[in-house]
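As structure tokens, the structure follows; a few thoughts come after it.
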Amino acid sequence: MKYGHFDDAAREYVITEPKTPYPWINYLGNHDFFTLISNTSGGYTFYKDAKFRRLTRYRYNNVPIDNGGKYFYIKDGDTIWNPGWKPVKTKLDSYSCRHGMSYTIVRGEKNSISAEALYFVPLHCRGEVQRVRLKNTGSVKKSLKLFSFIEWCLWNAEDDMTNFQRNFSTGEVEVKDSVIFHKTEYKERRNHFAFYSVNTPIKGFDTDREAFIGLYNGFENPDVVSDGKSKNTIAHGWSPVASHYLEIELNPGEEKDLIFVLGYIENEDDKKWESKGVINKEKAYQMISDFDSSEKVDRALAELRSYWDELLSKYVLSSADKKLDRMVNIWNQYQCMVTFNMSRSASYFESGIGRGMGFRDSNQDLIGFVHQVPDRAKERILDIAATQFENGSAYHQYQPLTKRGNDAIGGNFNDDPLWLILSTTAYIKETGDFSILDEMVPFDNDESKAKSHFEHLEASFYHIVNNLGPHNLPLIGRADWNDCLNLNCFSSNPNESFQTTENKKGGTAESVMIAGLFVLYGNEFVKLCEKIGKSDEAKTAQKHINDMIEAINQHGWDGNWFVRAYDFFGKKVGSDENEEGKIFIESQGFCTMAGIGAEDGRAKQALDSVKERLDCEYGIVLNNPAFTKYYIEYGEISTYPAGYKENAGIFCHNNPWIMIGETIIGRGDEAFNYYKKIAPSYLEDISDLHRTEPYVYAQMIAGKDAFKPGEAKNSWLTGTAAWNYYAITQYILGIQPDYDGLVIEPCIPKKWDGFKITRKFRGDTYHITVKNPAHVSKGVKTTELDGNALASNKIPIVEDGREHEVTIVLG
Ligand code: BGC
Ligand code: NOJ
């Protein structure tokens with residue numbers, strides 16, 4: 001069953017049934033002020049850091065699900081309802097939720113009143129604007145009461161939900177006219193406060209939750225709304241909230257707009273107060289006046305729309321497949337921007353208090369958004385590089401607010417450093433900006449240890465070379481990309497984390513996946529060295545790569561597929577010798593992407609084995625057979641029930657590695673079949689099973705060994721977004737930015753007649769037409785640029801700022 005539909009022209013997903021199989025959410029905000037909002041107006045807001053600067057409260061794992069958000073209660077006679085159905089859940093005459101590019105419009109209609117709530121964060125604004133548009137669609141005059149409602153979080157989201165002995169006494173607010181200010185801890189160490197305003201005089205307000213809701217009630221029946229009038233309470237401790245009370249008269253056909261702003265303000269230390277105990281509200285009033293009319297809101301929304309027009313104009317596909325076009329042109333790119341902003345911090349599956357930005361995650365995310373925001377990509381790369389250690393290893397995570405490596409999580413995930421080569425080379429290929437290599441970047445966030453960014457890449461490369469194990473394969477450290485393959489950990493204590501606990505001394509477990517990764521990104525390092533004239537360095541690096549290929553050939557091939565790893569005892573992992581976990585996806589992906597075995601048939605053999613053993617109806621599972629008991633020598637992977645997460649779940653992040661591997665050996669039909677299996681727009685019809693949003697990828701879909709194969713979890717914040725975008729745009733559709741041109745190398749299903757792409761690259765716009773008259777998958781027969789035949793399928797950089805026509809004929 002479907003719960004809505006795509007509106008491609010508006011770039012929206014329109015939900016028409018509020019009881020979606022799981023809350024279907026959207027993200028508002030593009031820079032530093034963010035909101036998560038569900039299709040029933042649930043969710044929360046934070047500034048920069050979902051842990052340390054949370055503005056509004058949210059309760060994860062709550063009953064019922066997704067309670068708490070930005071609610072408007074309408075009291076029309078005795079009927080109380082919300083435009084987004086929740087929390088009162090009064091049956092609506094009509095309902096829709098339009099999730100668009102950084103805005104959401106929730107609309108409900110009841111008894112001839114239509115209420116539409118638009119939510120967005122204007123560009124360059126540290127606030128969320130909400131416009132409630134009320135209309136009388138009937139023939140009699142209506143008198144309504146409207147109550148807004150949000151609940152403040154006492155800033156530190158973790159402390160807020162644990163430290164009640166203190167927090168129940170600290171809450172403070174101020175109310176002035178129609179604005180409610182939240183100023184808990186402002187008088188001491190904080191220089192920030194939040195506010196919630198409305199652009200019209202109010203009849204009343206409340207700021208004390210207990211008074212507004214009633215101690216034994218829920219969000220669905222607040223006392224104040226039932227009584228039909230505010231209590232004008234000022235919170236002293238307990239739980240501060242903000243609610244405005246408005247009375248509205250609407251003649252038949254009449255429409256009224258009300259504009260609310262939820263803002264965040266920082267004041268300089270010497271400008272904190274207007275008078276003793278009274279906060280300086282100047283900046284808040286400025287923000288309020290920026291959006292105090294519907295015209296101003298329309299303008300801000302139009303700016304946001306053109307910002308997205310521009311972002312999404314860099315790569316535009318026109319194919320015969322609508323589901324594909326909407327993934328490539330809209331939703332996959334959108335998800336990439338969200339992962340750029342959030343990393344893995346805040347979603348409906350990530351609580352915003354657990355994780356900072358991941359070193360490997362953020363580097364990989366970059367390949368999904370570098371074409372959209374190259375400047376911000378550069379800044380991100382340099383921030384990440386500054387958390388690297390001098391020996392090339394890295395903090396596994398860092399906090400966005402401080403940009404410093406996170407000591408508590410530590411390092412020694414030995415794949416981490418290599419992803420910096422991927423992100424940096426992707427950045428240079430997109431922009432041509434080699435100057436990033438000369439930037440001076442600290443190691444360990446210590447300015448006195450700054451070296452050029454190129455030296456960081458060198459350190460990354462040599463960290464692998466300097467940490468080889470008994471088979472000359474890379475030592476795995478705590479884990480490689482698969483955080484749950486903890487081969488040196490031997491954890492028997494349920495109170496410790498697999499990722500951070502002390503590893504057993506002398507661990508020499510090795511990873512064939514890192515070996516493949518090293519060959520692939522090592523080759524990129526070599527190409528880069530050659531490009532910048534460091535040919536000796538390139539030669540030396542090439543030798544190390546050749547040695548690695550040799551080690552893979554000797555110890556990394558199992559007969560029909562690539563081995564996954566060697567464990568602490570030197571035994572193979574992911575081999576036919578094993579009883580469970582005989583084959584793993586990661587080493588098949590990275591070794592084939594690196595071209596290992598491409599010439600002697602092993603790559604094809606490995607990919608055939610993937611098809612035979614790992615593929616299923618809903619995607620490619622991570623390993624097979626699934627582990628059915630705990631293997632202390634493997635760690636967390638064997639803790640998951642069979643078919644879930646890293647234990648034989650369809651981990652959507654690594655499916656594109658196989659898609660790309662398939663394109664390397666020219667099998668476009670296989671590559672695209674894998675693509676379609678997990679791309680959300682193709683799964684819309686099975687939303688009941690899939691459960692998460694049909695417009696974004698989830699990290700994991702339960703695999704064939706699971707209790708419920710096909711059921712997805714952990715949508716939005718996953719490397720899946722970037723990798724699938726990379727696979728479809730660069731390897732299947734085949735438009736690859738390179739240092740000195742745009743390489744066009746599609747690998748598509750044979751039956752396709754072709755497709756068109758507009759690609760903006762280095763200031764020019766290329767209109768690319770790919771024709772497939774001979775119905776092949778791969779192989780460029782002719783290339784034309786502006787009517788002139790080219791000798792190769794690399795389009796040189798014209799750089800005249802104009803439009804260019806490119807025609808490619810496959811055959
Ligand atoms: C999850 C991994 C995740 C890791 C990081 C594990 O429990 O299965 O997907 O990367 O935690 O903390
Ligand atoms: C999710 C983590 O964010 C990522 O870093 C890791 O590679 C995958 N899980 C696989 O374990």
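We count ligands from 1, going down the list as the structure has it; atoms in each ligand are counted the same way.
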message: Would you call the rings of Phe627 and Tyr631 parallel, tilted or perpendicular, taking 30° and 60° as the class edges?
response: perpendicular
- prompt: Is there a heavy atom in Gln699 that sits closer than 4.0 Å to ligand 1?
  reply: yes
- prompt: Salt-bridged, Lys572 to Glu577, with N to O below 4.0 Å?
  reply: yes
statement: Closest to atom 9 (O) of ligand 1 among protein heavy atoms sits Glu646 OE2, 2.6 Å
statement: for atom 8 (O) of ligand 1, nearest protein heavy atom and its distance come out as Tyr640 OH, 2.6 Å
query: What are the atoms of ligand 1, with element, lying closer than 4.0 Å to any heavy atom of Cys484?
result: 1 (C), 6 (C), 8 (O)
query: Are Asn624 and Lys704 close enough that some pair of their side-chain heavy atoms sits under 4.5 Å apart?
result: yes
message: If the cut-off is 4.0 Å to any non-hydrogen atom of Glu636, which atoms of ligand 1 fall inside it?
response: 6 (C), 7 (O), 8 (O)
task: Go through His653 and Gln364 one step at a time and tell me if the side chain to side chain donor-acceptor pair (under 3.5 Å) criterion holds.
output: CA-CA 10 Å; His653 183 142; Gln364 289 172 83; 2.8 Å; yes
field: ligand 1-proximal atoms of Phe498, by part, heavy-atom distance under 4.0 Å
entry: neither
query: Between the side chain of Gln499 and the main-chain N/O of Asp483, is any donor-acceptor distance below 3.5 Å?
result: yes
query: How far is atom 11 (O) of ligand 1 from its nearest protein heavy atom, and which residue and atom is that?
result: Gln499 OE1, 3.7 Å
query: Looking only at protein heavy atoms, which one is nearest to atom 4 (C) of ligand 1, and how far off is it?
result: Asp483 OD2, 3.7 Å
message: For atom 1 (C) of ligand 2, tell me which residue out of Glu586, Met700, Gln699 has the closest non-hydrogen atom.
response: Gln699
query: Can you tell which of Trp657, Phe359, Phe590, Phe413 makes a ring pair (Phe, Tyr, Trp, His ring centres under 6.0 Å) with Trp481?
result: Trp657
statement: Looking only at protein heavy atoms, what sits closest to atom 6 (C) of ligand 2 is Trp481 O, 3.2 Å
Atoms of ligand 1 close to Lys645 [distance to a heavy atom under 4.0 angstrom, numbered from 1]: 1 (C), 2 (C), 8 (O), 9 (O)
message: Taking atom CZ as the centre, does Arg376 end up with more than 12 heavy-atom neighbours from other residues, nucleotides or ligands that are less than 6.0 angstrom away?
response: yes
